[in-house]
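Quick caveat: nothing in here was measured; it's all calculated off a predicted structure.
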Amino acid sequence: MMNVIQGIDQAILLFIQEYLRVDFLDGLWRGITFLGEKGWFWIVLSIVLCCMKKTRKAGVASLLSLLGSFLITNLLLKNLIGRPRPYQEMETLILLIEKPLDYSFPSGHTSASFASALTCYQMLPKPYGTVFVVLAALIAYSRLYLGAHYPTDIIGGFLVAFAVSTLICRIVRRYHMAENKSRK
């Protein structure tokens, strides 16, 4: 079963390389992937949200979601699973960025991006949250386009982010509900 999944992963990456990569867009996708680098964009966004009273709850929840996804993805799962990067296993795959040195599964860019974006989607007005989810999806796709991750790495990062952001949003909402009740 794992060989079948690996084969599908590789076939998708080669399809992207052969039919979807366009030289003049390579810089665009590098720029998009940069937004997910070490979660910096999402950290800055979360801090900005924390600075305004109206969005503070969303900012705090986003920071907590980022922390949870980092701990699970980068410290636990990547090291526990130890999956090599696609460029290490596929001779015909051309990597369009510097070689990442950590393991491949799950995608840290995807996990961080969706952890913050899904939190914003749940806690901010929908138009804002939707924009952030679209940006997170673009960052996730950029990892495939550039050859840095397998599709299942992206799915894994998304699932971690979905679980963490859902849990954090529930905890933050309950905390604020309890806090509001105690003030009355």
Side-chain angles (χ1 to χ4, degrees), residues 5-6 8-22 25-46 61-63 65-78 81 83-90 93-124 126 128-169:
I5 293 170
Q6 184 74 5
I8 293 169
D9 267 350
Q10 291 179 354
I12 291 170
L13 288 180
L14 292 176
F15 178 85
I16 290 169
Q17 178 174 280
E18 182 70 27
Y19 299 105
L20 301 180
R21 280 188 183 174
V22 182
L25 292 178
D26 292 353
L28 170 71
W29 290 110
R30 284 186 190 105
I32 290 171
T33 217
F34 174 72
L35 293 174
E37 196 72 34
K38 301 198 185 340
W40 75 266
F41 174 84
W42 304 104
I43 294 167
V44 170
L45 171 66
S46 300
S62 181
L63 285 172
S65 292
L66 283 165
L67 177 61
S69 80
F70 170 77
L71 293 172
I72 293 169
T73 298
N74 295 75
L75 297 184
L76 180 66
L77 292 177
K78 279 186 183 269
I81 295 167
R83 185 181 198 187
R85 295 278 180 163
Y87 71 85
Q88 295 171 313
E89 296 186 321
M90 299 174 63
L93 183 69
I94 300 167
L95 183 66
L96 297 180
I97 56 172
E98 286 186 33
K99 292 180 179 180
L101 301 176
D102 60 345
Y103 292 114
S104 195
F105 184 88
S107 166
H109 279 70
T110 302
S111 182
S113 297
F114 275 109
S116 181
L118 291 172
T119 298
C120 289
Y121 185 79
Q122 293 179 68
M123 301 195 80
L124 294 174
K126 292 302 177 236
Y128 300 109
T130 301
V131 167
F132 295 132
V133 169
V134 169
L135 178 58
L138 290 171
I139 290 170
Y141 175 73
S142 76
R143 305 307 286 164
L144 300 173
Y145 182 93
L146 298 169
H149 280 289
Y150 292 107
T152 51
D153 300 338
I154 302 303
I155 293 167
F158 174 81
L159 291 174
V160 169
F162 180 80
V164 169
S165 64
T166 300
L167 177 65
I168 293 297
C169 286

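The two residues G147 and L95 come nearest to each other via the heavy atoms O-CD1, 3.4 Å. Taking every heavy atom of both residues into account, S65 and T119 meet most closely at OG-OG1, 2.8 Å. Between L66 and A112, the shortest heavy-atom distance links the atoms CD2-O, 3.3 Å. Across all non-hydrogen atoms, the minimal contact from L77 to P106 is CB-CD, 3.5 Å.
The distance from atom CD1 of I94 to atom CG of L14, rounded to the nearest 0.5 Å, is 10.0 Å. Taking CG of L135 as the reference point, atom OG of S142 lies at 9.5 Å (rounded to 0.5 Å). The line from CG of D26 to CG of L146 is 7.5 Å long, rounded to the nearest 0.5 Å.
Checked by atom type and distance alone, the side chain of Y87 pairs as donor or acceptor with a backbone atom of P100 at under 3.5 Å.
Taking F70 as the reference, N74, L75 meet the side chain to side chain contact (heavy atoms under 4.5 Å, CB included) condition, with sequence neighbours excluded. Residues forming a side-chain hydrogen bond (donor to acceptor under 3.5 Å, both in side chains) with R30 (at least two apart in sequence, or on another chain): none. The side-chain hydrogen bond (donor to acceptor under 3.5 Å, both in side chains) test applied to S62 returns S46, S116, not counting sequence neighbours. Taking the ring-ring contact (aromatic ring centres under 6.0 Å, His included) definition, one finds that F34 meets it with W40, sequence neighbours left out. For S113, the side chain to side chain contact (heavy atoms under 4.5 Å, CB included) partners at least two apart in sequence or on another chain are W42, A136, I139. By the salt bridge (charged side-chain N to carboxylate O under 4.0 Å, His left out) test, R83 pairs with D9, D153, sequence neighbours left out. For Q17, the side-chain hydrogen bond (donor to acceptor under 3.5 Å, both in side chains) partners are R21, not counting sequence neighbours.
Proximity of L67 to L63: side-chain heavy atoms (C-beta onward) are nowhere separated by under 4.5 Å. Side-chain atoms of L13 and L144, non-hydrogen and from C-beta on, do get closer than 4.5 Å to each other. C120 has its side chain within reach of L45: a pair of non-hydrogen atoms, C-beta onward, lies under 4.5 Å apart.
For residues 157-168, no pair satisfies salt bridge (charged side-chain N to carboxylate O under 4.0 Å, His left out), with sequence neighbours left out. Sorted pairs that involve residues 139-150 and meet salt bridge (charged side-chain N to carboxylate O under 4.0 Å, His left out), not counting sequence neighbours, are lacking altogether. For residues 99-109, the set of pairs meeting the salt bridge (charged side-chain N to carboxylate O under 4.0 Å, His left out) definition, not counting sequence neighbours, comprises K78-D102, R85-D102. Every pair passing ring pair (Phe, Tyr, Trp, His ring centres under 6.0 Å) that includes a residue from residues 131-150 is listed here, sequence neighbours excluded: W29-Y141, W29-Y145.
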Cut-off 3.5 Å, no hydrogens considered: what does the side-chain donor-acceptor table look like for residues 158-169, sequence neighbours left out?
| residue | atom | partner | partner atom | Å |
| --- | --- | --- | --- | --- |
| S165 | OG | A161 | O | 2.8 |
| S165 | OG | F162 | O | 3.2 |
| T166 | OG1 | F162 | O | 2.7 |

Subject >> side-chain contact (heavy atoms from CB on, under 4.5 Å) between L71 and L76, intermediate numbers included >> reply: CA-CA 6 Å; L71 293 172; L76 180 66; over 6 Å; no

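Heavy atoms of other residues, nucleotides or ligands lying less than 6.0 angstrom from CZ of F41 number more than 12.
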